[in-house]
Amino acid sequence: MTMDNLHSNLDPQMPIAFIGGGNMAKAIIAGLIQHGHNSKSILVCTPSQATRSNLVEQFDIRVHQDNSAAVGFADVLLLAVKPFVIPQVCEEIAPIIATRPNKKLVISIAAGVKHQTLSKKLDNLQRIICAMPNLPSAIGKGLTGMYAPAHSQQQDIDMADSIMTAIGDTVWVKDEQQMSTIVATAGSSPAYFFLFLEAMEKAAIEQGLPKQAANKAVLQSAMGAISMAIDSQHDLPTLRRHVTSPKGTTEQAILAFQHGELDELVANAMHSAAKRAKELSLG
Ligand SMILES: NC(=O)C1=CN([C@@H]2O[C@H](COP(=O)(O)OP(=O)(O)OC[C@H]3O[C@@H](n4cnc5c(N)ncnc54)[C@H](OP(=O)(O)O)[C@@H]3O)[C@@H](O)[C@H]2O)C=CC1
Ligand SMILES: O=C(O)[C@@H]1CCC=N1
C-alpha cells in the first residue's frame, strides 16, 4: 500500500512456497531476494528438472518436483501456474491442506481465476487471496492488484500485502470483477510499453539512427517521462502540453497518433485483455 517497498514488514525468514517456477514466479522471487528475503526460506515446486536447476543456479533457493512439498514447507503458498493448470494443482494440494486448513494461506496470481473457483477446488478453503502482479516486481517496481473476499481475516490481508509490497506497490479492489481491469491495466501492461518502445526504436533506426543510439534515446526519454509523471504535481495532459509547442514538431506527432485513433486502439486493446481474463475465469 506504499510506493516505498522498504516499508514492507515481511519477515525475511518467513517460508514462502511457490507452485510453478516460470517467468512470474522468477520475477517475484527476484524481487523478494532483492528486498532481503532469505533465499533458503523460498521453495519452488515445478515439474521440469531444467527449470529447477535454473532456479537454484539463479537464486540459490530450494526446489522440489512434487507440489505437495510446498504445503509441508510453508504456511503461505503462492500459486504461479497458468490458469488451465490450476485445477490439477488444486487437486494435488487440497487433501494435504485439508488436514490443516486453518494454517495455510493461498495466494493465487493466475489471471482470471476467481476466488470462489479456487475455494471450491481447495475443499472450501476460506484463506485465499487473489493477486495480479506484474513483471517489474523483479526489480521491486511491481504493481499488484489484490482482492480478498469480505470474510477474509485481517492477518491474511496484511500478510499478502506485505509480500507484494516487498516487490512494489499494491492496489486492493473491493469488487472481484475489477480484477480483470487490473489485468488489463497492470498485469499485461508492461508488454504494451515494451511494444511501444520497440516501435519507436524501429522507427528511429529507419530514420537513420544507429541501433545503440536509438535504444538509448528511446529508453532514457521513456524513463524521464515516467519519472516526471510520477513526481510532478501536473497531470498527464498538462505535462503533454508542456512538450507540445504550438506549430512545433511534437504537435505533428500527436496529430498523427490522433489520426490513428490511439485512444480507441488503447481502449480496444485493454478491453481485449480484460475480456480474456473473464474468459479464463470461466474455464
Ligand atoms: N508473466 C506475467 O507477466 C504475469 C503472469 N501472471 C500469471 O502468472 C501465472 C504464471 O505465468 P508465467 O509465469 O508467465 O507462466 P510460465 O509459463 O512462465 O510459468 C508457468 C510455470 O508453471 C509450471 N508448471 C506447469 N505445470 C505445473 C504443475 N502441474 N505443477 C507445478 N508447476 C507447473 C511450469 O513448469 P516447468 O517450467 O517446470 O515446466 C512453469 O515453471 C499465470 O497464471 C499468469 O496468468 C500474472 C501476472 C503477470
Ligand atoms: O498474458 C497473460 O495471460 C499473463 C497475465 C498478465 C500478464 N501475463
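Whatever order the structure lists ligands and atoms in, that order sets their numbers, starting from 1.
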Could you check whether K202 pairs with E198 (Lys NZ or Arg NE/NH1/NH2 to Asp/Glu carboxylate O, under 4.0 Å)? no
Option with minimal heavy-atom separation from atom 42 (C) of ligand 1, where the choices are V81, L55, I109: V81
Which of these passes side chain to side chain contact (heavy atoms under 4.5 Å, CB included) with M159: N9, D11, V76, D75? V76
Starting from atom 39 (O) of ligand 1, find the nearest protein heavy-atom neighbour and note its residue, name and distance. S48 CB, 3.6 Å
Got an N/O contact under 3.5 Å between G22 and ligand 1? yes
For atom 17 (O) of ligand 1, which protein heavy atom lies nearest, and how many Å away is it? K82 CE, 3.3 Å
Provide, to 0.1 Å, the distance between atom 10 (C) of ligand 1 and the closest protein heavy atom, together with that atom's residue and name. A80 O, 3.4 Å
How about S53 and E57: does a side-chain donor come under 3.5 Å of a side-chain acceptor? no
Can you tell me the protein heavy atom closest to atom 29 (N) of ligand 1 and the distance? Q88 NE2, 3.4 Å
Under 3.5 Å between some N or O of ligand 1 and some N or O of N23? yes
Please report which non-hydrogen protein atom sits nearest to atom 30 (N) of ligand 1, along with the residue it belongs to and the distance in Å to one decimal place. N67 ND2, 3.0 Å
I need the nearest protein heavy-atom contact for atom 7 (C) of ligand 2: residue, atom name and distance, please. G187 O, 3.4 Å
Pick, from T46, V113, I86, the option with the minimum heavy-atom distance to atom 23 (C) of ligand 1. T46
Counting each atom of ligand 1 from 1 as listed, which ones have a heavy atom of V85 under 4.0 Å away? 26 (N), 27 (C), 28 (C), 29 (N)
Are V171 and T144 close enough, and set up right, to give a side chain to side chain contact (heavy atoms under 4.5 Å, CB included), and what steps lead you there? CA-CA 6 Å; V171 170; T144 305; over 6 Å; no
Side chains of T51 and N54, donor plus acceptor under 3.5 Å: no
Closer than 4.0 Å to some heavy atom of M132 - which atoms of ligand 1 meet that? 46 (C), 47 (C)
Are more than 12 heavy atoms, taken from residues, nucleotides or ligands other than H259, located less than 6.0 Å from that residue's NE2 atom? no
Other residues, nucleotides and ligands only: do more than 12 of their heavy atoms fall within 6.0 Å of CG on L236? no
Count the heavy atoms belonging to other residues, nucleotides or ligands that lie under 6.0 Å from CD of E264, then report whether that count exceeds 12. yes
Atom 2 (C) of ligand 2: the protein heavy-atom neighbour that sits closest, reported with distance to 0.1 Å: S188 OG, 4.9 Å
For atom 37 (O) of ligand 1, the protein heavy atom that lies nearest, with its residue and separation: T51 OG1, 2.6 Å
How are the rings of Y147 and H115 set to each other: parallel, tilted or perpendicular (split at 30° and 60°)? perpendicular
For Q58, is the CD atom crowded, meaning more than 12 foreign heavy atoms sit under 6.0 Å from it? yes
Counting only heavy atoms not in K40 (residues, nucleotides, ligands), do more than 12 fall under 6.0 Å from its NZ? yes
Is there a nitrogen or oxygen of M24 sitting under 3.5 Å from a nitrogen or oxygen of ligand 1? yes
Protein heavy atom at shortest distance from atom 4 (C) of ligand 2: A111 CB, 4.8 Å
So, regarding E92 and ligand 1 (criterion: nitrogen or oxygen to nitrogen or oxygen, under 3.5 Å), is there a contact or not? no
Would you find a donor on one side and an acceptor on the other, under 3.5 Å apart, between the side chain of S41 and the backbone of Q13? yes
Should you measure from each heavy atom of A111, which atoms of ligand 1 turn up under 4.0 Å away? 43 (O), 45 (O)
So the atoms of ligand 1 within less than 4.0 Å of a heavy atom of I19 turn out to be 31 (C)
Looking only at non-hydrogen atoms, which of P133, P47, G20 approaches atom 25 (C) of ligand 1 most closely? P47
